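Just so it is clear: chains get the letters A, B, ... in the order the sequence lines come, proteins before strands, and each one is counted from 1. Bear in mind that the values here come from a model prediction, so they are computed numbers and not experimental data.
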There are 2 protein chains.
Amino acid sequence: MEIETATVATPHKGRPREFCVDMALAAALRVFWSKGYEGASMADLTEAMGITKPSLYAAFGNKEALFNKALDLYEREKADYMHAALDAPTARGVAERLMYGALDMYTCPENPNGCLGVITSVACGAEAECIRQAVLERGATAKRAMLERFARAKEEGDFPPDTDAEGLAAFLTAVNQGMSVQAGAGATRAELERLVETSLKLWPGR
Amino acid sequence: MEIETATVATPHKGRPREFCVDMALAAALRVFWSKGYEGASMADLTEAMGITKPSLYAAFGNKEALFNKALDLYEREKADYMHAALDAPTARGVAERLMYGALDMYTCPENPNGCLGVITSVACGAEAECIRQAVLERGATAKRAMLERFARAKEEGDFPPDTDAEGLAAFLTAVNQGMSVQAGAGATRAELERLVETSLKLWPGR
DNA sequence: CGATTTCCATAACGGCTGGTATATAAGTGG
DNA sequence: CCACTTATATACCAGCCGTTATGGAAATCG
């Protein structure tokens with residue numbers, strides 16, 4: 001049982017490390033985010049993180065472990081708008097927050113364009129299959145949460161009673177994924193804004 | 001000027017090749033389609049095509065040239081539903097044909113899941129950047145055609161006069177791209193059908 | 001001051017990548 | 001039958017991949 005806090009722990013023995021783990025992880029996330037898991041080589045990663053390969057392996061394990069930690073960071077800091085969106089009082093509010101949140105993230109100048117989940121889950125060689133599965137699993141969890149939220153919305157009367165809540169969840173997910181693809185293809189923020197506004201105009205209710 | 005037709009030309013000199021170029025190309029397409037450009041190794045390709053590497057290089061040039069020819073084949077045989085869709089008499093007909101055509105292609109058991117264009121354009125290392133650009137260019141051409149079709153539809157009264165035709169084109173594209181992502185993630189045909197039906201229920205007009 | 005522990009830097013590992021040189025087999029034209 | 005042309009098969013290339021062994025540097029503990 002440790003007494004010192006883990007975050008600011010002073011390692012009392014041995015040579016102290018010369019880089020900040022959090023910043024290095026953030027740099028690694030940027031690389032994975034823009035190049036995908038397989039497209040990001042160890043050379044890319046170490047250069048962006050400003051450390052050497054042995055330091056990386058000592059601090060993070062290996063490439064796969066590094067990616068998983070970067071994915072945790074991504075969900076924690078970048079994709080938390082999803083959780084916030086599901087807390088909206090109405091189904092329309094959920095859709096609005098979700099789409100505008102995605103729009104902001106996909107077009108933020110200091111982020112790579114698009115969604116890390118989409119980028120990583122689309123295609124890969126055999127070696128990255130477990131990575132792909134891990135990402136798909138998180139996506140499935142997110143979709144399940146949205147599904148429950150829309151089922152509740154239907155009970156609360158946000159949708160007409162004959163609405164296919166599952167279809168609407170898949171629909172909202174699809175528009176977001178398409179927005180990510182188009183952002184990665186170089187679409188401007190203005191173009192994606194029109195996509196979001198068009199989608200919200202078609203969204204049922206209110 | 002050749003008298004003989006190019007397709008069935010009998011090469012009168014040298015040892016005849018022992019494989020069918022078209023079948024080999026079709027096999028290569030399948031590999032690229034399921035693994036992406038970078039995820040498909042030369043070993044994967046030669047094994048699927050049933051030929052050795054020197055034969056591949058002699059017949060197709062190199063990996064990039066092979067991909068471009070596979071992409072041509074893809075557009076010619078697999079993605080021609082897009083052209084057919086744009087010939088529909090109404091904008092709603094365009095949307096219907098496009099979505100059901102995509103649905104059929106993405107879920108056809110003898111095809112890999114998803115859209116080759118989306119798979120290849122999403123993320124890649126630096127070496128595949130020119131491949132990505134080539135794919136993006138074809139996507140841009142397709143989008144331009146859809147845009148013109150919807151501008152015409154607006155003039156013909158398929159949409160209310162205050163409709164954002166460009167937004168609707170981006171919307172339809174996005175739903176298709178999202179459908180491709182979900183197909184690649186393992187969605188069943190039934191799930192994608194509900195996505196299509198939901199999207200068409202939201203589509204304006206008629 | 002050693003002794004110990006941890007981290008950094010260099011360099012190397014086996015394996016796989018896309019791409020080829022070389023030699024042989026299988027056809028046709030003379 | 002022989003020369004020529006083309007395809008196939010084997011083996012190989014340099015270069016990059018993710019990963020790790022080795023040796024020295026920097027801190028704390030006794």
Side-chain angles (χ1 to χ4, degrees), chain A residues 2-4 6 8-25 28 31-32 35-70 120 123-131, chain B residues 4 8-25 28 31-32 35-70 120 123-132:
Chain A
E2 300 278 344
I3 294 183
E4 59 200 4
V8 203
T10 47
H12 278 298
K13 283 183 285 189
R15 176 177 175 176
R17 68 161 44 98
E18 299 175 353
F19 65 94
C20 169
V21 176
D22 291 338
M23 289 191 183
L25 185 59
V31 177
F32 282 130
K35 300 195 171 189
Y37 177 74
E38 288 180 302
S41 72
M42 296 303 291
D44 293 331
L45 291 164
T46 52
E47 184 188 352
M49 300 165 82
I51 64 177
T52 60
K53 282 195 266 187
S55 298
L56 191 156
Y57 276 83
F60 300 101
N62 60 9
K63 188 183 180 183
E64 182 175 344
L66 174 63
F67 178 84
N68 281 111
K69 288 172 184 173
T120 312
C124 59
E127 53 177 24
E129 189 58 31
C130 56
I131 289 288
Chain B
E4 58 200 5
V8 205
T10 47
H12 278 297
K13 281 184 285 190
R15 176 176 175 177
R17 65 161 46 96
E18 299 176 354
F19 64 94
C20 169
V21 175
D22 291 339
M23 289 191 184
L25 185 59
V31 177
F32 283 128
K35 300 195 171 191
Y37 178 74
E38 289 180 302
S41 72
M42 296 302 293
D44 294 330
L45 290 165
T46 52
E47 184 187 353
M49 299 164 83
I51 63 178
T52 59
K53 279 196 275 185
S55 297
L56 190 156
Y57 277 83
F60 300 101
N62 60 9
K63 188 183 180 183
E64 182 176 342
L66 174 64
F67 177 84
N68 281 111
K69 287 172 184 171
T120 311
C124 59
E127 53 176 24
E129 189 58 32
C130 57
I131 289 288
R132 187 167 163 268

Report task. Return the value, rounded to whole Å, for the distance between atom CD of A/Glu127 and atom P of D/dC17. Result -> 12 Å

Requested in this report: Provide, to the nearest angstrom, the distance between the CD atom belonging to B/Glu18 and the P atom belonging to D/dA7.
Outcome: 11 Å

**Report entry** For B/Thr52 against B/Thr46, the heavy-atom pair lying closest together
**Finding:** C-CG2, 4.0 Å

Query raised in the report: Just to confirm, is there a sub-4.0 Å distance from OP1 or OP2 of D/dT8 to any side-chain nitrogen or oxygen of B/Thr52?
Result: no

Report task. Round to the nearest Å and state the distance from B/Leu56 atom CG to D/dA9 atom C1'. Result -> 15 Å

Query raised in the report: What is the minimum heavy-atom distance between A/Ala48 and A/Val31, and which atoms define it?
Result: CB-CG2, 3.4 Å

Report task. Nearest-nucleotide wise, let me know which of B/Pro54 and B/Met42 is further upstream toward the 5' end of DNA chain C. Result -> B/Met42

Report task. With heavy atoms under 4.0 Å as the rule, sort B/Ala40 into base, sugar-phosphate or nothing. Result -> sugar-phosphate

Query - Phosphate OP1/OP2 of C/dG29 contacted by B/Lys13 side-chain N/O (<4.0 Å) - result: no

Report task. Output, in order, the C-alpha distance, side-chain angles, deciding distance and verdict of side-chain contact (heavy atoms from CB on, under 4.5 Å) for B/Leu45 and B/Ile51. Result -> CA-CA 9 Å; B/Leu45 290 165; B/Ile51 63 178; over 6 Å; no

Requested in this report: Specify the separation, in whole Å, of atom CZ of B/Arg17 and atom C1' of D/dT5.
Outcome: 14 Å

Query raised in the report: Can you tell me if the side-chain N/O atoms of A/Ser55 get under 4.0 Å from OP1 or OP2 in C/dC7?
Result: no

Query raised in the report: C/dG19 P sits how many Å from B/Asp44 CG, rounded?
Result: 14 Å

Query raised in the report: Any idea which heavy atoms bring A/Phe60 and A/Ala65 closest together, and the distance?
Result: O-CB, 3.1 Å

Query raised in the report: For the residue pair A/Phe32 and A/Tyr37, does the interplanar ring angle fall in the parallel (under 30°), tilted (30 to 60°) or perpendicular (over 60°) class?
Result: parallel

**Report entry** Candidate nucleotides C/dG18, D/dT20, D/dT8, ranked by approach to the side chain of B/Lys63 - the nearest
**Finding:** C/dG18

Query raised in the report: In whole angstrom, what separates A/Ile51's CD1 from C/dA9's P?
Result: 10 Å

Report task. Round to the nearest Å and state the distance from A/Tyr57 atom OH to D/dT22 atom P. Result -> 18 Å

Report summary line: From CG of B/Leu66 across to P of C/dG18 the rounded distance in Å is 11 Å

Query raised in the report: Going by modelled atom types, is there a donor-acceptor pair between the base of C/dG19 and the side chain of B/Lys53 at under 3.5 Å?
Result: yes

Query raised in the report: So, does the side chain of A/Arg15 form a donor-acceptor pair with the base of D/dA25 at under 3.5 Å?
Result: yes

